[in-house]
Participant: 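Sending over a structure as structure tokens; questions will come in a sec.
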Amino acid sequence: MKKRVSLGLSLTLLASSAASAFAAEHHPVQHPKQIKSVEFQPMKAPTTIENMIKTYTEASVKVTYKDGSVEKTPLNYNQLFLSKDKIVDNKGELIAAGTPIDANGDPIIDRSVPDQPSPYVSDAPDSNSFITINGKSYIISHYEYESVNNAGKEISGLPASMTLTQVDRDDKTGKLTVNHAKKIDFSNVNGLWTPCNGSTTDWGTHLGSEEYEPDARAFEDPASRSSSYKDVTNFAKLYFGDTSKANPYYYGWIPEISVDESGDASVVKHYSTGRFSHEMMQVLPDNKTALFGDDGSNTMMFMYVADKEKDFSAGTLYAAKFKQTSTKNGGKGDLQWIKLGHATDNEVKTIIDKGTKFSDIFETADQPTKGFKAVKTAASKKVEYLKVKPGMEKAAAFLESRRYGAILGATSEFNKMEGLTVNKKDKKAYMAISYQNSAMLKEPGAVQDDIQLPKLESGVTYQLNLGSHQKDQAKGKINSRYVPASMEGLLIGQDLEKADAYGNTADPNKIANPDNLTYSNDLNTLFIGEDSSLHTNNFVWAYNVKTKKLSRILSVPVGAEATGLRAVENIKNSRYVLSNYQHPGEDISDKNITAVDKEELANAMKESIGIQETGGVGYISGLPSKDGAPYKKH
């Protein structure tokens, strides 16, 4: 996910078949009719300052029942809380939902204005999971980063956080309200680094992420004062209060969060799933196979196959080689999988805890040298000449997964590989490439250049075709029935030659820069959230994979990013699609806006929820529930 400021936006699609707004009082009535199809009726893009600064929907949904009857219901947006709202009980004190805590559980303080110390508060709520334990419902939310400190300067190496929020559900209306919240303790895994997107498992846990892993090679040279060295050292100072605990290999992993029957959360990091810029991890229907987003430029597609179902503490890691077959409609290609190795979490953690450094794993050269492989990956963003030291193959595979994958021939040319979701019925997965540019273009003289696609700043949402009986590059059997065998463009945006009157440089009636994805299997609907600087207002879209209809269903504030999408369908009489929005108001001054007064727009944004001050969490109501029992107006 792009490092931008965003407002929390949570979508919840709650059951309703009345033509009135969900704000009215409802009573659940068992509907005898079964749903045949659901069609979204789209909203227009905002055209007024009033609408450009808020999160809202004017979309509706048409439900057709098997008896032939049809009902149309408006969608409505409901906000749960802002990241600046003091809802978290922390050691007997209420703190803001987006406040990071240190290893002792204390709020991390912003001292950039010496006489006005105050806790940091993230304006970037990201991934959500909705989990029900022992009859109680919880939302786990990421707080990705804080954009600027109180002195107005960008922040480097600030520890991140997650919040566990218990929500109450009104049995009559389905409405969600906050009961209480608390921060999740990451001290047993050395803290949390930039949690971006995430997913919810079928067994009721949350899989988080750590994006933009620090470069261990650059960190090892303190004299260079690299950003990696400064970020990791500052993180250790703020989190542990001890810079000697700075270690880049502590970060870049997948944390799994479980909630027990008492409502307490616990955390493990899955070191055997590999270390790279984890946008997210998506488990496939066998509960053994997983795919990952790897955000940044010169990134790689990874797959993990666990030894046991619902247990990601041991397994085999693979990286993909892309074999291009077409440049049309975003491009198409076959995927060949290269086995990097097998490991357990404990094995990899032991390597880290021994104090292993980059220089313990690789020999390096400054120019083409016999015995050294030239690679270019997101880890360093420049060509490197590397050779794995004898006996360090496992350390290379799991601590430096992208570099090792490139040495073995995997494709490290993907760009802004973001959200993932899965269509269980059709054995398809969907992947967002937010910006199709950089290494995904033809690059004469490149190290490998497997991907040679046309430039498309608006990006592409891809379909991955899953299959069984696949073998890896060495002809070894891959123990999974859900291996991506090929990928092809599904939805593409359209770049504009020049900005329109609202400052859009991509067609506002098509998706630009897809990021968050979530899929509703019974509705055949792919929900897509944008992280776009090409759209002045970002949107959430609903795409029916059967009818091919694309509908805009939500608009978030100007400059904000739509994050945290999560379809939740297993709640009786209710349907939720959670989502967040981040960094409202970002980059307004950079937009070429003539349709409205840009200064007036910026002032209106400041007066409403502020510019890059907070993010929001909420939901949309208006959809029929999975069991066909929508709420009827009382």
Side-chain angles (χ1 to χ4, degrees), residues 1-4 196-197 211-212 276-277 279-280 291-302 319-335 376-378 381 402 410-421 428-444 446-465 484 486-499 504-517 526 528-535 538-539 541 543 550 561-562:
M1 184 146 319
K2 204 162 42 209
K3 184 135 185 179
R4 306 177 54 201
C196 197
N197 205 340
E211 188 182 52
Y212 300 137
F276 42 93
S277 179
E279 168 75 17
M280 66 169 294
L291 301 175
F292 305 85
D294 184 13
D295 196 359
S297 59
N298 284 99
T299 60
M300 193 170 282
M301 187 185 300
F302 292 96
K321 185 173 184 63
F322 181 80
K323 297 187 173 183
Q324 186 171 308
T325 58
S326 174
T327 61
K328 297 179 180 179
N329 194 47
K332 184 178 181 179
D334 296 326
L335 298 168
K376 184 178 181 182
T377 71
K381 301 177 179 64
R402 212 185 292 106
T411 302
S412 58
E413 299 161 35
F414 291 95
N415 187 67
K416 299 300 293 177
M417 186 188 291
E418 305 271 2
L420 284 160
T421 191
K428 310 290 185 185
Y430 304 106
M431 172 180 284
I433 294 289
S434 193
Y435 290 77
Q436 187 168 283
N437 57 20
S438 187
M440 295 188 74
L441 311 182
K442 185 175 182 178
E443 296 182 297
V447 169
Q448 196 158 306
D449 212 20
D450 290 337
I451 305 177
Q452 301 181 21
L453 295 173
K455 185 176 183 179
L456 187 61
E457 294 288 343
S458 299
V460 181
T461 303
Y462 283 94
Q463 174 180 290
L464 277 62
N465 303 303
S486 63
M487 60 186 291
E488 57 193 288
L490 179 69
L491 292 166
I492 64 173
Q494 182 174 333
D495 301 344
L496 300 178
E497 292 185 3
K498 62 178 181 179
N504 297 301
T505 53
D507 187 342
N509 294 314
K510 295 184 179 181
I511 297 169
N513 311 125
D515 190 312
N516 273 220
L517 304 178
L526 176 64
I528 304 166
E530 296 180 333
D531 175 11
S532 179
S533 59
L534 309 185
H535 282 172
N538 277 216
F539 308 117
W541 303 81
Y543 176 72
L550 179 68
E561 169 189 349

Participant: Would you call Leu491 and Pro514 a side-chain contact if the rule is heavy atoms closer than 4.5 Å?
Facilitator: no
Participant: Within the 3.5 Å criterion, strictly below it, is a donor on Asn538 or Asp531 matched to an acceptor on the partner's side chain?
Facilitator: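 Checked: Asn538/Asp531 side chains show no N/O donor-acceptor pair below 3.5 Å.
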Participant: Could you walk me through whether Gln448 and Thr411 pass the side chain to side chain contact (heavy atoms under 4.5 Å, CB included) test, one step at a time?
Facilitator: CA-CA 8 Å; Gln448 196 158 306; Thr411 302; 4.2 Å; yes
Participant: Is the closest side-chain donor-acceptor distance between Asn465 and Ser486 under 3.5 Å?
Facilitator: yes
Participant: Do we see a donor-acceptor contact under 3.5 Å between the side chains of Asn513 and Glu418?
Facilitator: no
Participant: Just how far is it from atom NZ of Lys332 to atom CG of Leu453, taken to the nearest 0.5 Å?
Facilitator: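 Nearest 0.5 Å value for the NZ-CG distance: 13.0 Å.
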Participant: Restricting to non-hydrogen atoms, name the atom on Ser277 and the atom on Arg402 that form the minimum distance, rounded to 0.1 Å.
Facilitator: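 That closest heavy-atom pairing would be N-NH2, 3.0 Å.
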Participant: Which pair of non-hydrogen atoms, one from Ala432 and one from Leu517, has the smallest distance, and what is that distance?
Facilitator: N-CD1, 3.7 Å
Participant: Describe, in one word, how the ring planes of Phe276 and Phe292 are oriented to each other, choosing from parallel (under 30°), tilted (30 to 60°) and perpendicular (over 60°).
Facilitator: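 Phe276 vs Phe292 ring planes: perpendicular.
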Participant: With rounding to the nearest 0.5 angstrom, report the CG to CG distance, Asn516 to Asn197.
Facilitator: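 Going from CG on Asn516 over to CG on Asn197, the span is 4.0 Å.
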Participant: Counting C-beta onward and ignoring hydrogens, is there a side-chain heavy-atom pair between Asn415 and Ile451 closer than 4.5 Å?
Facilitator: no
Participant: With rounding to the nearest 0.5 angstrom, report the OH to OG distance, Tyr435 to Ser532.
Facilitator: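 Here the interatomic distance stands at 5.0 Å.
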Participant: What's the spacing between Glu530 CD and Phe539 CZ if we round to 0.5 Å?
Facilitator: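 So the gap between those two atoms works out to 6.5 Å.
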Participant: Hey, does Glu488 have a side-chain heavy atom less than 4.5 Å from the side chain of Ser326?
Facilitator: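 Counting from C-beta outward, Ser326 and Glu488 never come under 4.5 Å.
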Participant: Is any side-chain heavy atom of Phe414 closer than 4.5 Å to one of Met301?
Facilitator: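 Side chain of Met301 against side chain of Phe414, heavy atoms only: contact under 4.5 Å found.
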Participant: According to salt bridge (charged side-chain N to carboxylate O under 4.0 Å, His left out), who are the partners of Lys321, at least two apart in sequence or on a separate chain?
Facilitator: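 Salt bridge (charged side-chain N to carboxylate O under 4.0 Å, His left out) check on Lys321 returns Asp450.
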Participant: Can any side-chain N or O of His535 pair as donor or acceptor with the backbone N or O of Thr505 at less than 3.5 Å?
Facilitator: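 Side chain of His535 to backbone of Thr505, a donor-acceptor pair under 3.5 Å: no, none is there.
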Participant: Using every non-hydrogen atom in the two residues, find where Cys196 and Glu279 come nearest and quote the distance to one decimal.
Facilitator: SG-OE1, 3.2 Å
Participant: Holding to side-chain contact (heavy atoms from CB on, under 4.5 Å), I want the full list of residues that pass it with Lys376, two or more places apart in sequence or in another chain.
Facilitator: Asn298, Val383, Val447
Participant: If we only count heavy atoms from C-beta on, is the Tyr543 to Leu490 side-chain gap below 4.5 Å?
Facilitator: yes
Participant: Looking only at non-hydrogen atoms, find the nearest pair between Gln436 and Pro454 and report the distance.
Facilitator: NE2-O, 2.9 Å
Participant: Rounded to the nearest 0.5 Å, what separation is found between the OG1 atom of Thr421 and the OH atom of Tyr430?
Facilitator: 8.5 Å
Participant: Within this structure, what is the CD1-CD1 distance for the pair Ile528 and Ile511, rounded to the nearest 0.5 Å?
Facilitator: 3.5 Å
Participant: Side chains of Met417 and Phe302: does their closest heavy-atom pair fall under 4.5 Å?
Facilitator: no
Participant: What residues, two or more places apart in sequence or in another chain, satisfy side chain to side chain donor-acceptor pair (under 3.5 Å) together with Glu413?
Facilitator: none
Participant: Got a sec, which residues hit side-chain contact (heavy atoms from CB on, under 4.5 Å) with Asp495, two or more places apart in sequence or on another chain?
Facilitator: Leu456, Glu457, Ser458, Leu534
Participant: Please identify each residue that fulfils salt bridge (charged side-chain N to carboxylate O under 4.0 Å, His left out) with Lys510, with sequence neighbours left out.
Facilitator: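 For Lys510 there are no salt bridge (charged side-chain N to carboxylate O under 4.0 Å, His left out) partners, ignoring immediate neighbours.
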Participant: Kindly write out the residues that satisfy side chain to side chain donor-acceptor pair (under 3.5 Å) with Asn509, not counting sequence neighbours, or none if the list is empty.
Facilitator: Arg552
